[in-house]
Structure formats: structure tokens, C-alpha cells
Asker: 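Take this structure, written in C-alpha cells, and hold onto it; I'll ask about it next.
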2 protein chains.
Amino acid sequence: MATLKQVAAHAEVSVQTVSNALNAPHRLRPDTLERVNRSIELLNYRPNRNARSLRTSAVELIGYCVPSWPNQTHLVMDQFLHALCAAAETSGRHILLFTAPAAVDGMPTYDDLHARRLVDGFVLSQTETHDPRHGWLKDRQIPFVSFGRVWKETTQPGPWVDVDGAAGSAMAVQHLHETGRRRIAFLGWPQSSGLGEDRLAGWRDRCTELGLPTGGLVVRCAEDTIDEGARATAQLIDSGQPPDGIVALSDILALGALRQLGDRGLTAGADVGVTGFDDSPRASVVSPGLTSLRQPMEQIATELIAILTGTRNDVPSERLLLPELVIRGSSAPG
Amino acid sequence: MATLKQVAAHAEVSVQTVSNALNAPHRLRPDTLERVNRSIELLNYRPNRNARSLRTSAVELIGYCVPSWPNQTHLVMDQFLHALCAAAETSGRHILLFTAPAAVDGMPTYDDLHARRLVDGFVLSQTETHDPRHGWLKDRQIPFVSFGRVWKETTQPGPWVDVDGAAGSAMAVQHLHETGRRRIAFLGWPQSSGLGEDRLAGWRDRCTELGLPTGGLVVRCAEDTIDEGARATAQLIDSGQPPDGIVALSDILALGALRQLGDRGLTAGADVGVTGFDDSPRASVVSPGLTSLRQPMEQIATELIAILTGTRNDVPSERLLLPELVIRGSSAPG
DNA sequence: CTGAAAGCGCTTACAG
DNA sequence: CTGAAAGCGCTTACAG
């Protein structure tokens, strides 16, 4: 492996000049620059990042904790990880993966990775309602950015990027309304979920704006499963005033709705328009396809990295992004 | 941030002694060791890994390329990544994620990461039939280990860990036979897949051993989709001699089989026993649950890391592991 | 525009 | 068992 010194000797300049050729090429005379570059090429020189990091005390590595218990929320994990990785690379950085116990028990791991300079900072995801990680990192002035807000806090502890769930629900209601639905139900989660309440509010507000009923049209599911989604849908159908549209809080609940409609001999789309959230891989493989609100993963990842690396001081460090309604057969009018 | 030097000053020893306290504590007198450890604790000292890596030229980071095009194979990606990460950590290492173009186009990325000392080596997965990465890395003497064999090569270019697909199929056949099935079909892929031929061979051999028929019982699906699995199952049922057992090459094809059986009014399990491969998350949420061959992810990850880090020179650097048959309702006798 | 020199924080023969 | 010193490969004021 060639070193800076060897390149310098080969190009007959000082090491400083070679370093400048790499990091501040404008400081060199064009002919010197070209000569140095030729030597770099010839010797196949690659700067040693450890040496660089030791000097600059920046490792250009971003820590990300791989979730321990894969649940339904993680159906889009692969997409997120890939997008995050790609975004990091556009700024010359990489993602370092680690595992850690949940919540505050895991904080020593974060602390250690930062203190030993394995990472410059962290991207947090799987944010929970009273997530303690944010405050902990903030107190210690460890750089981080969160994908997802910490709900039920008056002020957000630190920068974040999130998707506007209320706007998403509103888009779904609007779409179902435009395809002729007039009784649009909402399949949700228990009240403890900040994310759930956000999406519920969007549904309620848009329904009200459009003059649609909301009474008796909310069913809260105990857990995020297909069975619960099916059960809730059955409850709505049996209520005497069945809905002609269903906005589900998740793709999983929506899949349950589709199954129940099928079991009842109803056609998703023609009879009841159904939408989900997250556009998970399964949304596109079921038949009919599930209309769903896609999280703009590339944009999320780009914003997270931009905030963490401070490359965009022009944008606020709180970014609420709009989801995109991906329309498929489950909401197609008959 | 405290440095070695500061700890040394505080403990009134040389930096060498502090370094030894960390890396070779047996060299210190017990009382000195304790004094040094007290100073380390007090100053909350953490060794700077960049400085260490610069000296030792080992970064203790392992590169792993995040797959670009999430397909069905990646349903178990999350599990693998988590297991890999955990295994790396037990030896003080971490996973560095990166993106790269497919096949040989991506090799400069691997080369660059290694040359700049961002990683010590690589774990390869998503191995393809004529995967060029292995030979390329081997030629350049860049450390790597592969999850999955390079099929259709006479000798494997480098160390690998894989799951025995033939043994898996044989286990599935055995299980279906023990639950009373006597005509066991196989749902496969096109011949181009080495992995597919391996699993097919296991089915054929065990059927023959048990005196079961194999003629007319293989259907090759053009692609790994639920629709193709359903179509192939329909073909088998309509063949005049319908099977009472189906070994599917993947969970996806198996799910197609389950759907088709349901559409025909047949009960999976009681009427036709069905098994899949990989025990993907969906295997446990369908009803009846899908019997499937689980890849031993933790073991795979542990072996990969052990081989790559050379911590176990006692084991060969080629490890063929057995999958585990997870029995669910889809193979329960009536 | 270019160069000599110090130093980032460690580890490791080597000497005592 | 302990210590003084060199050096890993870079970057960065500073001087010319």
C-alpha cells in the first residue's frame, strides 16, 4: 500500500502538497496538480482513513441500531436501510450497524461507540412514544437525528425528520371521497400511540371538512395484525350502517380488511375502497393491489443525513415530509 | 475526552503500563493494575479506536453490501443482518454497510473500502450462480467469507457457509411421509438455479429411498411468485393423479400452493401436506401456518464471523449447516 | 504556491 | 514488572 510520503517522493513534492492535491486542489498550480495526480494514479494510492480520522477526529461513520425484534413496522426496514446507506455515501460517509438493548438500557452502547470514536453520531429510528434515547444523547451532546418524533413531549429533544401522518390520512380520505365513497371508516390502534392519534386526527378533520360522518366509524384494534384488521372490518360491516370506504392505520390492518371483505363476498374497490399505510412490499403483491401511503424513503434518508452532517444549515432541523398516495385496485371505483 | 497519557499521569505510571492494563493485564502487578483501573474509571477513559487501528492496521469493521433490489429472497434479510451484527459484536467488531452495483461492476467499491482501511474484510451474501465477486476478492487477497456457495464452479473460490438444501428437502419429504403422504410433488425453479437443483435433488433422492414416485411430480415455476405457485399447484391437481404432499422450493411458492388448495376447496394439512423453505415472517401469519425449513441464522452468522476473523482455525472454512423443520398446520395430518 | 515540522492517540519492540 | 521512544499515515498552522 502506497503512502502519502511515497507519492510525494515519486512526484517530487512535499507530503503537504500531495495532501493538498487531495483535499484542496485549488491551492496547487495546474501543472503540479497534474504531476501529483499522475503519481497517485500510478502508485494506486488511497488515503488511509484511520490516519485521517485520527488527525481530524471525524470518522465519517454514522451509527444505526438494528432493531432487535422484527415486527410488522419493519417490513419497510430494508428500504430504509438501503436509502440511508446510499444517502450517507453521497457525502462520503457510511453506516455502522450495532445492536443494543431497548430504551435507556441501551444507552451505554451508544455512549461507548461515540466515546471510542467508532462513530460521529447516530440516526435513531423506531422512535417510541416516550423514547428516552433522544434526551439522553442530547444531554451528552452526542450528535443525532431522529426518524420519527417523540410523541407526548412538549418540545422535541433534538432534530428530526418525520412523515406527516395526518396529511396522509387526509389524502386517503380525499381520494376515497373522489371515488364516490360517503361513509369512510378508520381502522386504528389503541390510544397510546402518538403516531396512531396523528393519523386518526387527519382522517377526522378531512371527513369533517368534506361533510362526511365520523360517528361510529372508528374501530381501534388491539394489535397490528391481519386478524385484528379482519375482526374490526367485520364489526363495521355488521354495524347496520356499513362503510363504503376504509382508511387503515397500517398495511397489515388493511390486509385484514381485504380478507374480511373477500370472506363476505364483497369486492375491495368496487364495493368498499380500502387504503393502508407504508406501501410495504405486500401491498403490491396482493390481489387487488392495496392502495397505500408510501413513505418517501429516499427523501427521508437524504434529510436525515443532511441534518446530521450539518451540510444544510439553510433548512430547519425539523422536517415534516408528505407521504405519497400509491393508488391500486383496492380503492378503484366499481 | 481523556487520553492514555492523562490516565498514565493520573495513575502515576507510563502510558505503556496503561496500554498493558487494557490489552495485556496479566503483565501488571495486581496493585498497579488496580490503581490504573481506578484512574481509567475515574477519568471515564475510552481508548480511541482510530489511533489503535492506525497502529495495528486493523479496523475491526466488516463490510456488508446492502442488496439493492429487494426481492422475495430478502424476506429474511432483517434476521440475517441482526444475527450478523450480533455475531460481529461478540468479537468486538462491527458491520459497515455500503451499497454497490451488482456483480463485477461493484468491485471497485469493495477495493476502495479495503484499500482505504474502512474495513478489514467482507461478508458476501446473495451469492449468484456465477458470482464474480469471490474470485475477484480472492485474486486481490482481500479477506472475505461467503454466505452461500458459488454454484457451477468446480472449486469454491474462498471460504463459505451455507445451508444444506438437499438435506432440507429430504427432511420435508421424510416428514410428509411420516404423516401419511404417498405422492409428494416438488415445486421448483428453472434449471439455471444451483440452489434449486440442490433442493430438487434432495427431494428426488429421499422419495426414491422411501419408494415414493417422482415421475410427473416436478413442476418448475418461471418465477418465484405466489401466482406461479398457485398455477403449478393447479397443474398438479388437474394432472389426473393429484399429489397428497407438496414440497415447495420457497415459502412464496408454498403460499401459492396454499391459496390454490383453498380455492379448490381442499384443506392444507388434512388433504395435502405443504412445506416451504426459509421460514419467512409470512409463514407464521398465514392460516394454517406454513411448515417451513428455517435457516439457522444465528449459527450462520457465528460461523461467518468465526471464519472471517480466523478465530477458529480448528474448524474447516467450509461449513454446510442443517436447516430446521418448523412444523405448522399446513402439514398436519387430517 | 510550496515545504519542514509538529502532533492526532495509540502500540510495541527494546532496554532497564 | 515498568518506562522512554519510535512510529502508524495523515492534516494543518506556520514560514518562506
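Each chain gets a letter, A, B and so on, in the order the sequences are listed, and its residues count up from 1.
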Asker: Check the distance between D:dG9's C1' and A:L43's CG and give it to me in whole angstrom.
Answerer: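 Taking CG of A:L43 and C1' of D:dG9, I get 15 Å after rounding.
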Asker: Closer than 4.0 angstrom, basic N to acidic O: yes or no for B:R38 and B:E34?
Answerer: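 Yes, this pair counts.
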Asker: With a 3.5 Å distance limit and no angle check, can you tell me whether B:T302 reaches the backbone of B:E298 through a side-chain donor-acceptor pair?
Answerer: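 It does hold such a pair.
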Asker: Scan B:N20 against the nucleic acid and name what it touches under 4.0 Å (heavy atoms): base, sugar-phosphate only, or nothing.
Answerer: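 Nothing: the residue B:N20, judged by heavy atoms under 4.0 Å, touches no strand.
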Asker: Give a yes/no on whether any side-chain N or O of A:S19 is located under 4.0 angstrom from OP1 or OP2 of D:dT11.
Answerer: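 Answer is yes, contact under 4.0 Å.
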Asker: Between A:E60 and A:R49, is the closest basic N to carboxylate O distance under 4.0 Å?
Answerer: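 Salt bridge flag = yes for A:E60 with A:R49.
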Asker: Heavy atoms from C-beta onward define the side chain here; which of C:dT11, D:dC8, D:dT11 lies closest to that of B:L54?
Answerer: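 Nearest to the side chain of B:L54 among the choices is D:dC8.
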Asker: With sugar-phosphate meaning primed atoms plus P, OP1 and OP2, does B:R117 contact a base, only sugar-phosphate, or nothing at under 4.0 Å between heavy atoms?
Answerer: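 Answer is nothing: B:R117 stays at 4.0 Å or more from every strand.
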Asker: Report yes if at least one side-chain N or O of A:R52 is closer than 4.0 Å to OP1 or OP2 of D:dT11; otherwise report no.
Answerer: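 It does, given that an N or O in the side chain of A:R52 lies less than 4.0 Å from OP1 or OP2 of D:dT11.
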Asker: Return whichever of B:A51 or B:V13 has its heavy-atom-nearest nucleotide of DNA chain D closer to the 5' end.
Answerer: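 Whichever sits nearer the 5' end wins; that is B:V13.
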Asker: Within this structure, what is the CD-to-P distance between A:E34 and C:dT2, rounded to whole angstrom?
Answerer: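 Atom CD in A:E34 sits about 13 Å away from atom P in C:dT2.
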Asker: Is a salt bridge present between B:D112 and A:R46, judged by a nitrogen-to-oxygen distance below 4.0 Å?
Answerer: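 Salt bridge flag = yes for A:R46 with B:D112.
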Asker: Might you work through the side chain to side chain donor-acceptor pair (under 3.5 Å) test for A:D279 and A:Q295, ending with a clear yes or no?
Answerer: CA-CA 7 Å; A:D279 192 27; A:Q295 311 221 39; over 6 Å; no
Asker: Determine the contact category for A:R116: base if any of its heavy atoms lies under 4.0 Å from a base atom, sugar-phosphate if only primed atoms, P, OP1 or OP2 are that close, otherwise nothing.
Answerer: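 Since no nucleic acid heavy atom lies under 4.0 Å of A:R116, the category is nothing.
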Asker: Can a side chain N or O of B:T17 be found less than 4.0 Å away from OP1 or OP2 on D:dT2?
Answerer: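 False: B:T17 side-chain N/O out of range (4.0 Å or more) of D:dT2 OP1/OP2.
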Asker: Among C:dG9, C:dC1, D:dT11, which is the nearest nucleotide to the side chain of A:N23?
Answerer: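 In terms of side-chain proximity for A:N23, the closest of C:dG9, C:dC1, D:dT11 is D:dT11.
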Asker: Verify the contact: side-chain N or O of B:T32 to OP1 or OP2 of D:dT2, cut-off strictly under 4.0 Å; return yes or no.
Answerer: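 True: B:T32 side-chain N/O within range (under 4.0 Å) of D:dT2 OP1/OP2.
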Asker: For the pair made of CD in B:Q16 and P in C:dG16, what is the distance, rounded to whole Å?
Answerer: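 Going from B:Q16 (CD) to C:dG16 (P), I get 15 Å.
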Asker: Rounded to whole Å, please give me the gap between NZ in B:K5 and C1' in C:dT11.
Answerer: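 Value for this atom pair: 15 Å.
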Asker: Under 4.0 Å between a side-chain N/O of B:R55 and OP1 or OP2 of C:dT12, yes or no?
Answerer: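 False: B:R55 side-chain N/O out of range (4.0 Å or more) of C:dT12 OP1/OP2.
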Asker: Does the side chain of A:L320 come within less than 4.5 Å of A:W160's, by heavy atoms?
Answerer: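 A side-chain contact under 4.5 Å exists here.
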Asker: Separation of B:Q6 atom CD from C:dC8 atom P, in whole Å?
Answerer: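 From B:Q6 CD to C:dC8 P: 11 Å.
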Asker: Quickly work out the B:R49 CZ to C:dT11 P distance and round it to whole Å.
Answerer: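 The answer, rounded to whole Å, is 11 Å.
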Asker: From the list D:dT11, D:dG9, C:dT11, which nucleotide is the closest neighbour of the side chain of B:L4?
Answerer: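 Nucleotide nearest to B:L4's side chain: C:dT11.
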Asker: How long is the line joining CE of A:M1 and P of D:dC8, in whole Å?
Answerer: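 Interatomic distance, CE of A:M1 to P of D:dC8: 15 Å.
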Asker: Counting any heavy atom closer than 4.0 Å, what does B:N50 reach on the DNA or RNA strands: base, sugar-phosphate only, or nothing?
Answerer: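 Nothing, no nucleic acid heavy atom in range.
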Asker: Rounded to whole angstrom units, what separation is found between the CZ atom of A:R35 and the C1' atom of C:dC1?
Answerer: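 It works out to 12 Å between those atoms.
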Asker: Under 3.5 Å for both donor-acceptor distances, Watson-Crick or wobble: does D:dC14 have a partner, and if so which one?
Answerer: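 C:dG3 is the nucleotide pairing with D:dC14.
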